[in-house]
Chemist: 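Sharing a structure, written as structure tokens. Questions coming.
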Amino acid sequence: MELDNYIYKAIVHAHDSGMSKDEILETTIANLPDSLHDNAIAIIDNLDFNNEQNERDFNNLSELFNYIFYLVNQNKNDEAILNQLSNSCNLEQFEFAKYALRYININRIPSAWELDNVHSELVKLDIDELIKKCETIKNFAYKEVAYRIILQHLYRAFCDNKPIKWFIDIARSTTDETIIKYCDRAAVMISKAQGVEPIEALESAKTDIEQPNITTSESGKLIVDTLAEFKIAAEYIDAQCGPTFNRIKIKLGKGVSFKKIQDFGNDFVQQLGDTLNMDTPPMVSVVPGGAAIDVPRRYREIVYFKDYADFSSPIDIHNIVIPGGVGVDGKYVDIPLSDENVTHILGGGRTRGGKSQFEKAAILYLARRYPPSVVQLALSDVKRVTFSKFSKLPHLIAPVAKDAESSAKLFSLLVEHMEARYREFEKVGVETIAEFNRKHYPDLIMTRIATWADECFDLLTDKDYCDAIELDMMKLLAKAGGAGIHIMLYTQRPDKNVINPLIRSNFPAKTAFATTRPEDSCIILGDDNTLAANLLGYGDFLYKTSTKIVRLQALYVGDAEEPEYFKKLLEEAINQEDIYNAWKPEDIEEFTFSRNINFSHKDNKAKFDNSFGFEIKLDDESKNSILNLYRRNYRVDEIVKAIFNISRYDGKSYKKYRTVVENFLSSQGCEEDDI
């Protein structure tokens, strides 16, 4: 009997692992003596392989996950699995099942037998069919098989001396970034073998029109020759290829002033527009050792946020940075808010200049990279659309301000935080947040507050609140940087009469995106600098500090094109572990967010007053719930947690809810000692 029990357990385990009836029969007969065959076959016959029970109870989500894994191993398609589960699961379980099914499809490690079958199927396809098939594959392991076969196709094409254009056409036919990188790599290898500069070779191959293959050095010679025709002596030095433009560096002849070519952009278009595929004037600027002519590329590269944002390396709480962009040399540049040459940033640019994408990339990076104890956020968004996706972040010190009134209160709160920090500095004998954190870390850290005000033009022209906002802004710009409060002020409409010179001069860093007029560039960059008027838009911007000015291509978040990736980072930011102990001012009332109040009852509401505080009103259902829990010997903190989903870790929010519950219980005659 004991042996029969072992056989039964082994067969049931094989069945639950996804083996078919025939596979179990074959294995059983091959491994058991003849005397045990009849009993084993009887056990197998009693198992239901074809008609799974339509209704099934799941004790927990782990059991449901294992059952879905079993169904996937049975090679059932997604629709059949979900149809089967719809009869067995409640709403919560069914939502979990959809995510679990997707996760299993992507991450399941197939057997060697399955991988061999996939390889046999894919290896029969030609390159075009294979790429289309690869785009539909979900499972990582299956996709790796497809990638290996695609690489074999590309290698054979490389050995057969296929032209660069063949690889570019393959890359154009897909949206799979891995395949595109394979094709670009092969094209670069071919270009090097042909003695052609890689970037120029790719550019030439991407165009549908037969054009002469002009290298950057030839472009430089054409520019020098053109200047000579205008009696301007110059010599070509070198060139760099950035994601959106090629920088040609020249050295002007002795005695030739830079002013002679400063506004030469339109003449370059007139003379070289057809030859260099140039339909917009190039930016002309001074660089160390010469002058730079930035020739726009015909095919611009998109610099994706996900390719440069690093969330894996250890956090340095002494060096808080935001994404900058990629320079003409291909190197990624970040912007250190904790650097005394940055601290506050003034920025702006026209519509479609890339300003909003830059802001969103910076906020998303800060929220995902740093926990709320290290970085907090203060956001003002009078357009109500730029920062709306960040409204649930725990990093916010207040709800996103959506008009001039709430923005004025937000800036007033920041002034309070600043003054409280300087009182703490005086108490402990330091002058800046950097000194404070060096002295107290890792036991205690002072959080940095990054403030973004999008479209400050509307704030500084509001007749009721502009004076208060401007006054608080000037206070913050004067000394908030040392206290770790950073102001980022952005606008589409720079106006010298709105953003007064005193405010502008207190921003040590500037980020100028493409502007409509040269005058707008001067307002942002200062020093009569009109370069932003020659930028290309869509993330092309100038980053200026007191020590340098560089041209960068901003990172593209793509929150509309890849909402799942954006949502994933937001969820990770909300749920990330926070291991730091943050210093908190004792004399400032914390702002409380409505989003943190997770009521069990729909009619239970918290009403917010104009100072971002709130009052709590209990509905009848909540009152009954409180009394029922109290009679069942629940403590007050347990009642608050059960009904409002608020715990001691929520600080002053918890205290307010606890007080409301205690007052209600006292009003019902409950004894104070029991409470």
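Counting from 1, the numbers follow the sequence of the chain as shown. Bear in mind that the values here come from a model prediction, so they are computed numbers and not experimental data.
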Chemist: With rounding to the nearest 0.5 angstrom, report the NZ to CD distance, Lys475 to Glu419.
Modeler: 7.5 Å
Chemist: Could you label the plane-to-plane angle of the Phe425 and Phe436 rings as parallel, tilted or perpendicular, counting under 30° as parallel and over 60° as perpendicular?
Modeler: tilted
Chemist: Quick one: do Lys568 and Glu564 make a salt bridge, cutoff under 4.0 Å?
Modeler: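 The answer is no: the pair does not qualify as a salt bridge.
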Chemist: Below 4.0 angstrom, N of the basic side chain to O of the carboxylate: do Lys439 and Glu435 qualify?
Modeler: no
Chemist: Between Tyr490 and Thr511, is any side-chain donor less than 3.5 angstrom from a side-chain acceptor?
Modeler: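 Per modelled atom types, Tyr490 and Thr511 side chains form a pair under 3.5 Å.
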Chemist: Thinking salt bridges, do Arg493 and Asp495 make one under a 4.0 Å N-O criterion?
Modeler: no
Chemist: Would you tabulate the side-chain donor-acceptor contacts of residues 309-316 under 3.5 Å, counting partners in other chains and residues two or more places apart, or write 'none'?
Modeler:
unit_1: Asp310; atom_1: OD1; unit_2: Ser312; atom_2: N; d: 3.0
unit_1: Asp310; atom_1: OD1; unit_2: Ser312; atom_2: OG; d: 2.8
unit_1: Asp310; atom_1: OD2; unit_2: Ser313; atom_2: OG; d: 2.8
unit_1: Ser313; atom_1: OG; unit_2: Arg369; atom_2: NH2; d: 3.0
unit_1: Asp316; atom_1: OD1; unit_2: His318; atom_2: N; d: 3.0

Chemist: According to ring pair (Phe, Tyr, Trp, His ring centres under 6.0 Å), does anything in residues 503-533 pair up with another residue at least two apart or in another chain? List the pairs.
Modeler: Phe358-Phe513, Phe513-Phe541
Chemist: Are more than 12 heavy atoms, taken from residues, nucleotides or ligands other than Asp464, located less than 6.0 Å from that residue's CG atom?
Modeler: yes
Chemist: Are a donor atom and an acceptor atom from the side chains of Ser406 and Asp403 found within less than 3.5 Å of each other?
Modeler: yes
Chemist: Check whether any side-chain N or O of Tyr370 sits under 3.5 Å from a backbone N or O of Val321 as a donor-acceptor pair, and report yes or no.
Modeler: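 Yes; at least one donor-acceptor contact below 3.5 Å.
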Chemist: I want to check a possible cation-pi pair here: Lys389 against Phe566, using under 6.0 Å from ring centre and within 45° of the ring axis as the test.
Modeler: yes
Chemist: Side-chain polar contacts of residues 375-383 - donor-acceptor pairs under 3.5 angstrom, sequence neighbours left out - could you list them?
Modeler:
unit_1: Ser380; atom_1: OG; unit_2: Ser407; atom_2: OG; d: 2.8
unit_1: Asp381; atom_1: OD1; unit_2: Lys383; atom_2: N; d: 3.4
unit_1: Asp381; atom_1: OD1; unit_2: Arg384; atom_2: N; d: 3.2
unit_1: Asp381; atom_1: OD2; unit_2: Val385; atom_2: N; d: 3.2
unit_1: Asp381; atom_1: OD2; unit_2: Thr386; atom_2: N; d: 3.0
unit_1: Asp381; atom_1: OD2; unit_2: Phe387; atom_2: N; d: 2.8

